[in-house]
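Throughout, numbering of the chain's residues begins at 1 and tracks the sequence. Keep in mind that this is a model prediction, so the values were computed, not measured.
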Amino acid sequence: MQIIAENISYTFPSGKTILHNIGFSLAEGEKAALVGDNGTGKSTLLCILTGSLIPDSGSVYVTERLWTVPQH
């Protein structure tokens, strides 16, 4: 699987910007961890990567469907 995220930005309806120009790529076989304090956008980024949330700007390319397990 390959994941490419380019210039991802997301602002909540309240006006709070949580992600601004996020970009990264993971090639076949690479592993990564997503670490950060509560409220920094980890779950939001994962929702964007799975396609369940649309970013305000930027693009996501994945070669296979991604799934997440909800926190609640």
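Within the structure, every pair that satisfies the side-chain hydrogen bond (donor to acceptor under 3.5 Å, both in side chains) test and touches residues 13-35, not counting sequence neighbours, is listed here: Thr11-Thr17.
Within the hydrophobic cluster formed by Ile, Leu, Val, Met, Phe, Trp and Tyr side chains joined at under 4.5 Å, directly or through other members, Ile4 is accompanied by Tyr61. Taking Ile, Leu, Val, Met, Phe, Trp and Tyr as members and joining any whose side-chain heavy atoms lie under 4.5 Å apart, directly or through other members, the hydrophobic cluster of Ile48 also contains Met1, Ile3, Ile8, Tyr10, Phe12, Ile18, Leu19, Ile22, Phe24, Leu26, Leu34, Leu45, Leu46, Leu49, Leu53, Val60, Val62, Leu66.
The closest donor-acceptor contact from the side chain of Ser9 to the backbone of Ser57 lies at 3.5 Å or more, if one exists at all.
Considering only residues two or more places apart in sequence or on other chains, Thr68 meets the side-chain hydrogen bond (donor to acceptor under 3.5 Å, both in side chains) condition with none of them.
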Show which side-chain atoms of residues 36-44 pair as donor or acceptor with protein atoms under 3.5 Å away, not counting sequence neighbours.
| residue | atom | partner | partner atom | Å |
| --- | --- | --- | --- | --- |
| Thr40 | OG1 | Asp37 | O | 2.7 |
| Lys42 | NZ | Gly36 | O | 2.9 |
| Lys42 | NZ | Asp37 | O | 2.9 |
| Ser43 | OG | Gln71 | NE2 | 2.5 |

